[in-house]
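Scroll down for the structure; my scribbles are underneath it.
Values reported hereafter were calculated over all heavy atoms of this structure, with side chains retained and with hydrogens, waters and symmetry mates removed. In the text below, chain A, chain B and the rest are named by the order of the sequence lines, each starting its count at 1.
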2 protein chains.
Amino acid sequence: MNSSTVNCEALAKRLTQSGLRPTVQREVVYKAILEKRNHPSTDEIFARVREQMPTISLATVYNCLETLVQCGLIKQVNFERAPTRYCPNLYEHAHFHDDATGEVHDIAVPAEMMDRLRALLPPGYKAANIELSFRGGVMHTRN
Amino acid sequence: MNSSTVNCEALAKRLTQSGLRPTVQREVVYKAILEKRNHPSTDEIFARVREQMPTISLATVYNCLETLVQCGLIKQVNFERAPTRYCPNLYEHAHFHDDATGEVHDIAVPAEMMDRLRALLPPGYKAANIELSFRGGVMHTRN
DNA sequence: AATTCTATTTGGAATAGTTCCAATTCCTAC
DNA sequence: GTAGGAATTGGAACTATTCCAAATAGAATT
């Protein structure tokens with residue numbers, strides 16, 4: 001049993017728990033995101049998915065992505081108004097957008113820091129979601 | 001001399017400093033954002049601006065907004081892929097999007113917290129920009 | 001003051017990402 | 001096997017934004 005089997009069982013479980021069907025399209029889309037965790041855009045996911053299933057439609061990919069997000073299996077990542085990207089990392093984390101390469105890197109954020117951020121809110125404000133993102137460059141140092 | 005005169009002198013100064021012309025369109029757009037600081041979208045700004053200058057075009061509003069952002073006089077605010085909003089608050093701050101009303105509120109963020117956030121980045125990562133945004137609801141407590 | 005040169009504005013067309021829709025296909029339960 | 005609901009599909013529609021080429025305005029130079 002490899003890890004993708006495990007992930008797909010988890011996927012099927014989550015979907016059925018939510019009263020949704022574990023279809024092969026959803027599975028293929030999910031695997032495409034897991035396959036290379038570089039925050040792919042919908043187009044990129046569509047391309048990956050078509051290798052496995054050339055007949056899948058773009059609309060379906062959009063549908064599946066929405067479903068997966070709703071089930072909490074993946075997260076949406078937005079920078080400004082650039083095309084939406086997706087991320088299977090479910091731990092609380094931030095994103096760093098490298099201006100030079102266009103790549104996005106996950107940044108670990110301790111739970112304690114999240115609490116500090118939440119504490120910035122005025123009384124009564126309840127955040128369902130906190131998004132933290134950086135944009136900039138990476139200096140390459142010789143060693 | 002009222003505050004809007006002051007602001008517009010500041011605007012003119014900034015523009016000429018950057019080698020740009022202080023045109024009446026830029027002034028009107030800037031004033032529209034200052035007028036009611038509720039993070040208006042481009043459409044909203046366009047509507048406000050047309051009251052003063054019914055002949056202005058939407059393209060010009062887009063152009064002016066871009067110019068003002070580049071001059072550092074206003075900031076862009078993005079939530080997911082919703083229409084871009086604009087904000088004249090130049091202090092470092094976060095945004096809270098109220099899901100119920102759609103309103104956006106500024107959240108003060110101490111400089112010290114910004115430093116903590118920056119410290120989350122791996123060595124070599126230099127953030128030109130940090131964006132922190134909350135999404136959620138506001139509980140109304142009786143008093 | 002006229003001329004030139006460049007920045008800016010303008011309206012409309014084009015683009016891009018996404019959503020919508022109606023028709024078909026696929027499961028699941030009976 | 002059939003019925004009913006869920007999911008997929010292709011294409012049209014939508015929307016925010018950008019692009020473009022022509023017109024205008026302003027500053028600088030003569």
Side-chain angles (χ1 to χ4, degrees), chain A residues 8 11-32 39-50 52-71 73-74 76-86 102 104, chain B residues 8 11-32 39-50 52-71 73-74 76-86 102 104:
Chain A
C8 281
L11 165 67
K13 196 174 158 192
R14 272 289 182 86
L15 287 169
T16 40
Q17 273 173 356
S18 309
L20 299 166
R21 295 181 185 166
T23 67
V24 3
Q25 286 87 347
R26 284 170 180 164
E27 185 184 310
V28 171
V29 168
Y30 186 48
K31 275 185 183 168
H39 304 85
S41 65
T42 309
D43 272 7
E44 169 70 19
I45 294 167
F46 186 42
R48 286 185 198 173
V49 153
R50 267 204 291 198
Q52 308 299 317
M53 183 182 273
T55 61
I56 199 171
S57 81
L58 179 57
T60 300
V61 172
Y62 273 102
N63 289 340
C64 292
L65 289 170
E66 196 191 345
T67 304
L68 294 176
V69 168
Q70 279 170 359
C71 290
L73 287 157
I74 58 175
Q76 271 189 314
V77 183
N78 290 285
F79 281 97
E80 321 260 294
R81 286 188 47 89
T84 302
R85 291 157 167 254
Y86 295 88
V104 174
Chain B
C8 282
L11 166 67
K13 197 174 159 193
R14 273 289 182 86
L15 287 169
T16 40
Q17 274 174 354
S18 311
L20 299 166
R21 293 181 186 164
T23 67
V24 3
Q25 286 89 346
R26 284 171 179 164
E27 187 184 309
V28 170
V29 168
Y30 186 48
K31 275 185 182 166
H39 304 84
S41 65
T42 309
D43 272 5
E44 168 69 19
I45 294 167
F46 185 43
R48 287 185 198 173
V49 153
R50 267 204 292 199
Q52 308 299 316
M53 183 184 275
T55 60
I56 199 171
S57 81
L58 179 57
T60 300
V61 173
Y62 273 102
N63 289 340
C64 293
L65 289 171
E66 196 191 346
T67 303
L68 295 175
V69 169
Q70 279 169 0
C71 290
L73 287 157
I74 60 175
Q76 271 188 312
V77 183
N78 289 285
F79 281 98
E80 321 259 296
R81 284 187 49 90
T84 301
R85 292 156 166 255
Y86 295 88
V104 174

- Item | Candidate list A:Leu58, A:Val28, A:Leu65, test side chain to side chain contact (heavy atoms under 4.5 Å, CB included), partner A:Ile45, passing option | A:Leu65

- Roughly how far, to the nearest 0.5 Å, is the CG atom of A:Leu20 from the CZ atom of A:Arg14? 12.0 Å

- Note on the structure: First and last nt of DNA chain D near chain A, cut-off under 4.0 Å to heavy atoms, 5' to 3', are D:dG5 to D:dT17

- Message: Expressed as a whole number of angstroms, how long is the span from A:Asn63:CG to C:dC21:P?
- Response: 13 Å

- Atom OH of A:Tyr62 and atom P of C:dG17 are separated, to the nearest Å, by 7 Å

- Could you tell me whether B:Thr42 contacts a base, only the sugar-phosphate backbone, or nothing, with contacts defined as non-hydrogen atoms closer than 4.0 Å? sugar-phosphate

- Query: Closest heavy-atom contact between A:Leu15 and A:Pro22?
  - Reply: CD1-CA, 3.6 Å

- Query: Closest nucleotide of DNA chain D for B:Pro22 versus for B:Ala82: which of these residues is on the 5' side?
  - Reply: B:Ala82

- Out of curiosity, A:Gln76 CD to A:Arg85 CZ, how far, rounded to the nearest 0.5 Å? 13.0 Å

- Message: Please check this pair: side chain of A:Arg21 against backbone of A:Ala12, looking for a donor-acceptor N/O pair closer than 3.5 Å.
- Response: no

- Task: Flag this pair as yes if the NZ/CZ of A:Arg48 is under 6.0 angstrom from the six-membered ring centre of A:Phe46 and inside a 45 degree cone about the axis; otherwise no.
- Result: no

- Task: Give one of base, sugar-phosphate or nothing for B:Thr84, where a contact means two heavy atoms less than 4.0 Å apart.
- Result: sugar-phosphate

- Query: What's the closest nucleotide to the A:Leu58 side chain, out of C:dT18, C:dT9, C:dC20?
  - Reply: C:dT18

- Task: Please determine, for the side chain of B:Arg26, which listed nucleotide (C:dC26, C:dG12, C:dT8) has the closest atom?
- Result: C:dT8

- Base, sugar-phosphate alone, or nothing: which one does A:Thr23 contact when heavy atoms must sit under 4.0 Å apart? sugar-phosphate

- Establish, for the pair B:Arg26 and B:Tyr30, whether the NZ or CZ atom is under 6.0 angstrom from the six-membered ring centre and no further than 45 degrees off its axis. no

- Note on the structure: Separation of C:dT25 atom P from A:Gln25 atom CD, nearest Å, is 14 Å

- Item | Whole angstrom value for the distance that separates P of C:dT8 from CD of B:Glu27 | 15 Å

- Message: Just the rounded figure in Å: distance from C1' of C:dT25 to CE of A:Met53.
- Response: 13 Å

- Item | B:Ser57 side-chain N/O to C:dT9 phosphate OP1/OP2 under 4.0 Å | no

- Note on the structure: Here the distance between atom P of C:dT8 and atom CZ of B:Arg21, to the nearest Å, is 6 Å

- Query: Quick one: B:Arg81 CZ to C:dA16 P, roughly how many Å, whole number?
  - Reply: 13 Å

- A:Leu20 CG to C:dC27 C1': how many Å, rounded? 14 Å

